[in-house]
Amino acid sequence: MPVRKRFSQNFLHDQNTINRIVAAINPQPDDEVIEIGPGHGALTDELMRSGCNLHVIEIDFDLVRELRLRYGDAVDLIEADILKFDFSSIFGTRPVRIVGNLPYNISTPLLFKLFQHMDAIHDMYFMLQLEVVDRIVASPSTSDYGRLSVMCQYYCTPIRLFSVPATAFTPRPRVISSMIHLKPREPDSNQAHDVKTLENLLRRAFSQRRKTIRNALKPFLSVDDLQALGLDPQLRPENLTPQQYIDCANHIYTREQ
C-alpha cells in the first residue's frame with residue numbers, strides 16, 4: 001500500500017520495539033484503551049492479545065478498509081481526523097489509556113487537544129520525534145525548554161522511556177523517535193486559576209525568549225509586578241520554572257477580576 005505523504009506515515013515494523021512498547025504499557029483485560037494511528041496494526045495485534053477494550057482511530061481510508069477486513073468487530077474502529085475527533089464520544093465512566101505512534105506534524109496540537117480532557121485520561125504512551133520529547137521533559141534554563149515543556153509538565157508527569165532508531169520504521173523517517181509516558185498529575189493547590197491566561201502568557205514569553213522578562217512580559221506584568229512575585233526582571237523567559245509561570249498567570253488573572 002502506498003504511503004500517503006500528507007499523513008506523514010511511518011509504519012513501525014520492528015518486533016523488538018513493539019514488544020518493548022507493549023511491555024511498558026502493560027495493558028490489562030479491564031483497560032479502556034484508545035490507539036491513535038494504528039497503521040497496519042503492528043501494535044494493535046499486541047494490544048488485542050491483552051483482552052483490553054480497544055478503540056482504534058485512523059484517518060487513512062485505505063488503512064481503515066484493511067483493518068476492518070482484518071479485525072472485523074473485534075475492535076471499535078473509527079475513521080476520523082484525530083485533531084477534529086470528539087473524544088467525549090468514547091470517554092465513559094472509566095479513565096482511558098491512550099497510545100500511539102503519532103505523526104510528527106500533528107504531535108504538538110494533539111497533545112494540547114488532549115490536555116483539555118485530562119480528567120478522563122489514566123495515562124498516555126506516545127512515540128514522538130526525539131526533538132519533541134526533549135522539549136517535553138526539558139528543564140528551565142535549557143535551550144529545549146519552552147511553552148510545550150511548561151504545559152506538559154503542568155498537566156502531566158512526563159517520563160522518557162527509550163529511543164527508537166529510524167530503521168524500526170517503513171519508510172525510514174529522517175529523525176530518531178522516542179517513547180514517552182505521560183501520567184496526568186493529581187490536582188493540587190498550585191493550579192492556574194485560568195489556563196487560558198497561562199497559555200497566553202507562555203505564548204508571549206517564548207515568542208520573545210531572547211528578551212528579558214521585563215520586556216517580553218511587558219504587556220502583562222510591570223517591573224513592580226515581577227518584583228512582587230520575587231522575580232528578577234533581568235531573567236529571560238527560559239529561566240522561569242513552571243510554578244513561577246503559574247504564579248504570574250494567577251497574579252494577572254486575580255488583578256483583572
Side-chain angles (χ1 to χ4, degrees), residues 102-116 118 124-164 174-256:
L102 300 188
Y104 302 137
N105 62 332
I106 69 162
S107 56
T108 297
L110 178 57
L111 287 171
F112 276 87
K113 179 181 175 73
L114 290 169
F115 291 156
Q116 300 172 29
M118 297 308 287
M124 300 181 284
Y125 285 84
F126 290 134
M127 178 87 72
L128 300 170
Q129 185 175 343
L130 179 60
E131 176 185 312
V132 176
V133 173
D134 287 343
R135 288 164 55 202
I136 288 173
V137 303
S139 300
S141 300
T142 63
S143 59
D144 289 322
Y145 184 72
R147 174 172 168 252
L148 182 63
S149 318
V150 176
M151 292 309 298
C152 279
Q153 293 170 32
Y154 174 74
Y155 284 108
C156 304
T157 300
I159 303 172
R160 185 202 302 268
L161 297 179
F162 51 85
S163 296
V164 180
R174 296 179 181 177
V175 297
I176 297 173
S177 301
S178 179
M179 281 297 298
I180 189 168
H181 179 210
L182 299 172
K183 179 70 175 177
R185 291 179 56 195
E186 293 292 333
D188 56 32
S189 58
N190 300 320
Q191 296 292 295
H193 299 333
D194 179 68
V195 174
K196 286 296 182 185
T197 301
L198 176 60
E199 290 179 345
N200 290 337
L201 180 68
L202 292 170
R203 192 174 290 109
R204 171 71 186 189
F206 288 103
S207 69
Q208 308 276 326
R209 63 185 301 146
R210 288 182 173 272
K211 295 184 178 181
T212 63
I213 57 173
R214 173 179 186 149
N215 294 319
L217 302 182
K218 195 171 184 180
F220 296 95
L221 297 163
S222 67
V223 171
D224 289 343
D225 288 327
L226 294 171
Q227 291 175 337
L229 288 161
L231 297 173
D232 180 351
Q234 297 306 309
L235 292 173
R236 298 190 185 279
E238 66 265 24
N239 300 136
L240 273 62
T241 67
Q243 187 57 54
Q244 287 172 322
Y245 274 113
I246 293 169
D247 293 341
C248 288
N250 288 346
H251 180 85
I252 296 165
Y253 182 77
T254 301
R255 184 188 63 203
E256 293 177 350

task: Verify, without hydrogens or angle tests, whether Tyr155 (side chain) and Leu182 (backbone) share a donor-acceptor contact under 3.5 angstrom.
output: no
- request: Using atom types as modelled and distance alone, determine if a side-chain donor or acceptor of Gln153 lies under 3.5 Å from a backbone N or O of Ile136.
  value: yes
- line: Interatomic distance, CG@Leu240 vs CG@Leu231, rounded to 0.5 Å, equals 5.0 Å
query: How long is the gap from CG on Asp194 to CD on Glu199, to the nearest 0.5 Å?
result: 9.0 Å
- request: Any chance you could lay out the side chain to side chain contact (heavy atoms under 4.5 Å, CB included) test for Met151 and Leu198, step after step, and finish with the verdict?
  value: CA-CA 9 Å; Met151 292 309 298; Leu198 176 60; 4.0 Å; yes
task: Measure the CG-OH distance between Asn190 and Tyr154 for me, rounded to the nearest 0.5 Å.
output: 9.5 Å
task: Please tell me if the side chains of His181 and Thr157 come closer than 4.5 Å, counting only heavy atoms from C-beta onward.
output: no
field: Min side-chain heavy-atom separation Gln129-Ser177 under 4.5 Å
entry: no
field: 4.5 Å side-chain heavy-atom contact, Val195 and Phe115
entry: no
query: What heavy-atom pair brings Ala216 and Pro237 nearest, and what distance separates the two atoms?
result: CB-CG, 4.1 Å
message: Go through it in stages, so that I can follow the logic: the residues are Ser149 and Asp144, the test is side chain to side chain contact (heavy atoms under 4.5 Å, CB included), and I'd like the CA-CA distance, side-chain angles, deciding distance and then a yes or no.
response: CA-CA 8 Å; Ser149 318; Asp144 289 322; 5.9 Å; no
task: Could you check Val133 against Phe126 for side chain to side chain contact (heavy atoms under 4.5 Å, CB included), going step by step and ending with a plain yes or no?
output: CA-CA 10 Å; Val133 173; Phe126 290 134; over 6 Å; no
query: Side chains of Phe112 and Cys152: closer than 4.5 Å at any heavy-atom pair?
result: no
task: May I ask you to check whether Arg203 and Asn200 show a side-chain donor-acceptor distance below 3.5 Å?
output: yes
message: Using 0.5 Å steps for rounding, measure from the SG atom of Cys156 to the NZ atom of Lys183.
response: 10.0 Å
- request: Using a 4.5 Å cut-off on heavy atoms from C-beta on, say whether the side chain of Leu161 contacts that of Tyr125.
  value: yes
field: Main-chain N/O of Leu128 paired with Ser178 side-chain donor or acceptor, under 3.5 Å
entry: no
query: Closest approach of Pro233 and Thr212, non-hydrogen atoms and distance?
result: O-CB, 3.5 Å
query: Within a strict 4.5 Å, meaning less than it, do heavy atoms of the Ser107 and Leu110 side chains meet?
result: no
field: Check: Tyr245 ring centroid to Phe206 ring centroid under 6.0 Å
entry: yes
task: Drop me the distance from Ile246's CD1 to His251's NE2, to the nearest 0.5 angstrom.
output: 15.5 Å
query: Measuring from Asp225:CG to Leu229:CG, what's the distance to the nearest 0.5 Å?
result: 6.5 Å
message: Looking at Arg214 and Asp232, is any side-chain nitrogen of the basic one under 4.0 Å from a carboxylate oxygen of the acidic one?
response: no
query: So which heavy atom on Asn215 is nearest to which on Arg204, and how close?
result: O-NH2, 4.0 Å
message: I want to check something: taking the side chain as every heavy atom from C-beta on, are Leu130 and Ser163 in contact at a cut-off of under 4.5 Å?
response: yes
- request: Please examine the side chains of Lys218 and Ile213, heavy atoms only from C-beta on, and report whether any two atoms are closer than 4.5 Å.
  value: no
message: Under a 3.5 Å cutoff, is there a donor and acceptor pairing between the side chains of Tyr104 and Glu131?
response: no
- request: For the pair Glu256 (side chain) and Tyr253 (backbone), establish whether a donor and an acceptor sit closer than 3.5 Å, ignoring hydrogens and angles.
  value: no
statement: Closest non-hydrogen atoms of Arg209 and Gly146, given as atom of the first, atom of the second and distance, are NH1-CA, 4.2 Å
query: Hey, does the side chain of Asn239 reach the backbone of Arg236 with a donor-acceptor pair shorter than 3.5 angstrom?
result: yes
Atom CZ of Arg210 with >12 non-hydrogen neighbours under 6.0 angstrom: no
task: Check whether any side-chain N or O of Asn250 sits under 3.5 Å from a backbone N or O of His193 as a donor-acceptor pair, and report yes or no.
output: yes
task: Run the numbers on Ile176 and Val164 for side chain to side chain contact (heavy atoms under 4.5 Å, CB included), then give the verdict.
output: CA-CA 6 Å; Ile176 297 173; Val164 180; over 6 Å; no
